[in-house]
Amino acid sequence: MIQPLPGFRDFYPEPVPSPDAWSCDLRQHIFETWRTTSRRYGFREYDGPPLESLELYTLKSGEEIVQQLFNFTDKGGREVAMRPEMTPTLARMVAAAERHYRKPIKWFAIPQLFRYEKQQRGRLREHFQFNADIFGESSPGADAELIALLIDSLRGLGLTADDFVIRVSSRRAWQAFLEARCADPSRAYDFYQAVDKLEREKPEVIDEKLRLVGSSLQEVREFIQASQPTSEIQTLLDELGARGLGSFVRVDYGVIRGLAYYTGIVFEAFDRKGKFRALAGGGRYDQLVHLVSGGKVNLPALGFGMGDVVLAELLKDRGLVRGATQSLSAYVLIEEESLRAESLRCVQSLREAGVSADFPLAATKSDKQFKRAVELAARVTVKLERAPDGAISARVREMTSRSEQVIPPDLVAAHCLGLIHRPPG
RNA sequence: GUGGCCGUAGCUCAGUUGGUUAGAGCUCCAGAUUGUGGAUCUGGUUGUCGCGGGUUCGAGUCCCGUCGGUCACCCCA
């Protein structure tokens, strides 16, 4: 049998066939939470093509990015790549159409992104990433709004301040730190790389690199330890505190982010136990639209990305995937085949009333029908019965309470609508 | 791209220093039973032991290669 390609996933309906199989129900639950939270914050959904010109990515990141890309030559001889990130596409769209939209522009997307890399824990060749961005607002109020959206997206999935924390840092703070010690701005990238590897590389190696830019390991550690907020970070903290979200954020200058284009506040979301990779990351990139548009458009910008892979791992770890499965509202039992026509009419009336309903497509033993209703997590079963005098009635059973009611078939849809709009129990 | 570990039924896994015709539980399918049923009982399907080569009288078991998985590194999302 042909297997899926390495790093690509099959998504199964619940119950999934093995413990490590990916659940389409869970994916849908995550997507819906991302969407509803975004809309609640006034963000509009956009999308772009999954396949882009290779040049869109090499322009910004150079040729070395190509080895990380899922790229190929198409039948027309074009060099193309599956999108590895959404920001270049978004920057193009915004640069082209920003005049049609009032500022600030608040947009989100849930693209599937691709990378040609050996897969490992929390990292595949494909994933879905929630992207949210704001354009045209340079005040820290926008940073607070964006981070609040990130927090509430995670809260919407059942996670709390005990589960995750947003570590907030600032490129501007580090830039000031560096400028006080090193006059050469071209050293900034090397400096950021060294700070980024602070917890992973040997202290002597880091120290040596930092001394090249006029600093030292001890100095950098003291700076991180002090966590002195910049004025923009203080505004951010104040605004999040006013929203009651203060416990979700912490100033941590150890966060620096790899991407070269960040300019101001940067942040990453981590699980508190430190068991997983970063859940989400983002920050300000005030120069990027200017760069992508060839200098024609200048818009301050900020955004974040949150992948579905690490998030799903965290939700499973915290036991938050129950309830993510969608359940059926009604299952219509057909134990008496002579009542199939009337039962079909009943199914149709339920569906037209907006009640999700299923039934056996062919003559089936009654216990199997009932077990199917259980498997589909039906809220109610409906069974038509014929009295000795020929009158047909409907027996509606609530599965959780096991209570039953006998009503005329014409009233089944209305009755079920009433039942399913009450909490189960 | 580099390295460690792992590949036995749809799933979870047993399988003795290398020794008959490779097993269990669950799932699935069928039958029985139950009939205010969410059970129970019986039977059945499914394996080139990842693939290829080697050692051996004999390989699921040992060796080499390869593919896949997994974890770490590199890098990043």
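Chain letters run A, B, ... following the sequence lines, proteins first, then strands; residues in each count from 1.
Two rings, from Trp107(A) and Phe135(A), have their centers 6.0 Å or more apart. In this structure, the ring of Phe72(A) has its center no less than 6.0 angstrom from the ring center of Tyr116(A). Taking the six-membered ring for Trp and the full ring otherwise, the centers of Phe164(A) and Phe248(A) sit less than 6.0 Å from each other. A ring-centre distance under 6.0 Å is not found for Phe370(A) and Tyr331(A).
Out of rG38(B), rG31(B), rC75(B), the shortest distance to the side chain of Met399(A) is found at rG38(B). Of the candidate nucleotides rU36(B), rU33(B), rU40(B), rU33(B) has the atom nearest to the side chain of Lys365(A). Proximity note for Ser18(A) (side chain, C-beta onward) versus rA32(B), rC75(B), rU12(B): the nearest is rU12(B). Candidate nucleotides rU36(B), rC76(B), rA32(B) were compared by shortest atom distance to the side chain of Asp367(A), and rA32(B) ranks first.
By the 6.0 Å and 45° rule, Arg171(A) does not stack over the aromatic ring of Tyr262(A).
When the C1' atom is used for both rA22(B) and rC73(B), the distance is 40 Å, rounded to whole Å. Spacing of C1' atoms, rA30(B) relative to rU55(B), comes out at 47 Å, to the nearest Å. Taking atom P on both rU27(B) and rU36(B), the two are 25 Å apart, rounded to the nearest angstrom.
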So what does the secondary structure string of RNA chain B come out as, 5' to 3', with Watson-Crick or wobble pairs under 3.5 angstrom, [ ] for crossing and | for pairs with another strand?
(((((((..((((.....[...)))).(((((.......))))).....(((((..]....))))))))))))....
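Interface remark: the Arg123(A) side chain does form a donor-acceptor pair with the rC75(B) base, using a distance-only criterion of under 3.5 Å.
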Pairs under 3.5 Å (N/O, protein and nucleotides 65-70 of chain B):
residue	atom	partner	partner atom	Å
rG69(B)	OP1	Gln119(A)	NE2	2.8
rU70(B)	OP2	Gln119(A)	OE1	3.0
rU70(B)	OP2	Gln119(A)	NE2	3.1

